[in-house]
Amino acid sequence: MEILVLGATGNTGSEVVKQLKEVGADFGVMARSADAASKLDLNPNQVRVSNYDNVETMTKALEGVKKIYVAMPAHASNKLWIENTIAAAKAAGVELIVKLSGMGAKADAGSEIIRTHVVTDDMVKDSGIAYTIVQPNSFFQNLYGSLPTINAMGQFFLPLAQAKQSVVDIRDVAAVIVTALTQPGHENQTYLLSGPESLTFAEQAEVLTEVSGKQIEYVDVPKEAAEAAMKEAGMDDWTAEKLAEIMAWFAEGHYATVTDTVERVTGQKPRTFRAFAEEFAAVVEK
């Protein structure tokens with residue numbers, strides 16, 4: 001097995017798996033259990049069971065693997081998990097780590113999630129293993145989280161003020177990752193990914209209204225209200241606090257940069273928000 005996808009059941013991981021299938025890559029996934037991986041529709045011999053907490057079972061899962069893709073949910077243990085991943089990768093002889101990070105990763109960011117990306121990116125870079133760091137902006141697909149209120153009220157609520165953001169399609173992010181995993185020439189690179197334009201969320205709402213035929217409004221809310229709503233919906237305190245914090249950081253306008261990286265790496269132009277909105281409109285209730 002040449003490639004192993006860690007975090008395969010997550011947002012980017014599942015799309016990476018889909019695209020690796022499409023190109024006929026020799027790959028497998030690491031999952032907490034065979035049941036967890038069942039939705040990926042893989043052969044049993046493509047599934048290796050472990051988790052980020054266990055270096056011993058991770059090392060066994062990585063045996064014979066040359067390249068890994070590493071994606072993790074935002075978690076208080078992210079630094080430890082990267083330490084464990086690097087230790088297992090070294091022990092197993094992995095030759096390339098492709099790591100999901102985040103746009104704007106810097107040590108003085110006003111978001112713990114972003115600051116942790118800086119630390120863990122540097123750990124991978126300093127590991128002695130070849131790397132590709134993929135740093136995307138937020139995803140178009142995050143809007144699916146607001147679909148219930150869009151359908152019920154014609155509104156979506158986010159603490160993002162009127163900041164422009166060069167949001168990107170998750171499928172374009174996965175295409176860059178798959179390119180780095182399957183083609184040479186991407187070693188020791190850091191790729192900053194965006195969509196082809198920078199829009200406010202009010203402008204996104206205008207596009208959604210136009211293509212769906214339903215009046216849709218973006219409503220800016222305070223960070224505290226967003227945090228409370230996430231907790232009320234059942235999210236644990238740490239995650240709700242840090243997600244509200246990162247959105248408030250986005251709201252300060254740090255994420256309007258547009259890059260040509262998707263096209264430069266994959267040869268394909270990134271999808272526009274309008275193209276995504278036309279697909280999204282299919283699940284919008286009139």
Side-chain angles (χ1 to χ4, degrees), residues 1-75 77-78 80-89 91-102 113 117 120-121 124 129-136 138-142 144-145 168-183 186 191 193 239 266:
M1 185 182 296
E2 183 176 15
I3 298 165
L4 195 70
V5 179
L6 284 61
T9 59
N11 291 333
T12 60
S14 55
E15 182 62 30
V16 167
V17 166
K18 179 182 176 184
Q19 293 188 26
L20 286 171
K21 287 181 185 178
E22 290 170 353
V23 300
D26 176 20
F27 80 97
V29 303
M30 187 185 85
R32 287 186 171 272
S33 67
D35 285 346
S38 61
K39 68 178 183 179
L40 299 173
D41 193 27
L42 299 171
N43 295 324
N45 63 2
Q46 289 180 278
V47 179
R48 298 186 177 181
V49 176
S50 183
N51 60 70
Y52 290 121
D53 292 310
N54 193 319
V55 176
E56 184 178 351
T57 59
M58 281 183 72
T59 302
K60 185 175 180 181
L62 297 181
E63 286 179 359
V65 171
K66 294 181 180 178
K67 306 171 186 178
I68 60 173
Y69 169 60
V70 182
M72 297 177 176
H75 193 279
S77 296
N78 283 151
L80 172 63
W81 287 352
I82 287 293
E83 287 176 354
N84 290 347
T85 300
I86 291 170
V94 169
E95 299 173 5
L96 175 70
I97 299 173
V98 179
K99 178 187 178 291
L100 184 69
S101 179
I113 291 172
H117 277 312
T120 54
D121 289 354
V124 170
I129 301 172
Y131 64 85
T132 309
I133 306 295
V134 179
Q135 296 182 330
S138 295
F139 306 135
F140 295 158
Q141 283 77 6
N142 291 349
Y144 282 102
V168 64
D169 196 290
I170 202 166
R171 292 166 293 188
D172 294 324
V173 176
V176 170
I177 292 162
V178 169
T179 300
L181 287 168
T182 60
Q183 298 180 21
H186 303 282
Y191 289 139
L193 308 184
T239 304
T266 69

Between T85 and K99, does a side chain to side chain contact (heavy atoms under 4.5 Å, CB included) hold up when you go through it step by step?
CA-CA 11 Å; T85 300; K99 178 187 178 291; over 6 Å; no
Between [X] and [Y] (side chain of the first, backbone of the second, donor and acceptor by atom type, cut-off under 3.5 Å), is there such a pair?
X: T132; Y: H186; value: yes
X: S33; Y: A36; value: yes
X: D169; Y: R171; value: yes
X: S101; Y: Q135; value: no
X: K67; Y: V98; value: no

Name the residue from V17, L4, V178 that meets the side chain to side chain contact (heavy atoms under 4.5 Å, CB included) definition with F27.
V17
Compare all side-chain heavy atoms of [X] with those of [Y] and state whether any distance is below 4.5 angstrom.
X: I82; Y: I86; value: yes
X: W81; Y: V70; value: no
X: D26; Y: I3; value: no
X: M58; Y: V55; value: no
X: D172; Y: T266; value: no

Gap between atom [atom2] of [Y] and atom [atom1] of [X] - 0.5 Å precision:
X: I177; Y: T182; atom1: CD1; atom2: OG1; result: 11.5 Å
X: L80; Y: T120; atom1: CG; atom2: OG1; result: 12.0 Å
X: R48; Y: L62; atom1: CZ; atom2: CG; result: 8.0 Å
X: S77; Y: N84; atom1: OG; atom2: CG; result: 9.5 Å

Locate the shortest heavy-atom distance separating [X] from [Y]; write the atom from each residue and the value.
X: V173; Y: P136; result: CG2-CB, 3.7 Å
X: T239; Y: A74; result: OG1-O, 4.4 Å
X: N11; Y: S14; result: O-OG, 3.3 Å
X: T9; Y: K39; result: O-NZ, 3.3 Å
X: E95; Y: A130; result: O-CB, 3.4 Å

For [X], is the [atom1] atom crowded, meaning more than 12 foreign heavy atoms sit under 6.0 Å from it?
X: N51; atom1: CG; answer: yes
X: E2; atom1: CD; answer: yes
X: K18; atom1: NZ; answer: no

Candidate pair L40 and Q46, rule side chain to side chain contact (heavy atoms under 4.5 Å, CB included), full reasoning:
CA-CA 10 Å; L40 299 173; Q46 289 180 278; over 6 Å; no
Run the side chain to side chain contact (heavy atoms under 4.5 Å, CB included) check on M72 and L6 step by step: do they pass?
CA-CA 8 Å; M72 297 177 176; L6 284 61; over 6 Å; no
Answer yes if the side chains of Y52 and H75 hold a donor-acceptor pair under 3.5 Å, and no otherwise.
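There is no such pair between these side chains.
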With side chain to side chain contact (heavy atoms under 4.5 Å, CB included) as the test, would you mind laying out the steps for V134 and Y69 before giving the verdict?
CA-CA 10 Å; V134 179; Y69 169 60; 5.9 Å; no
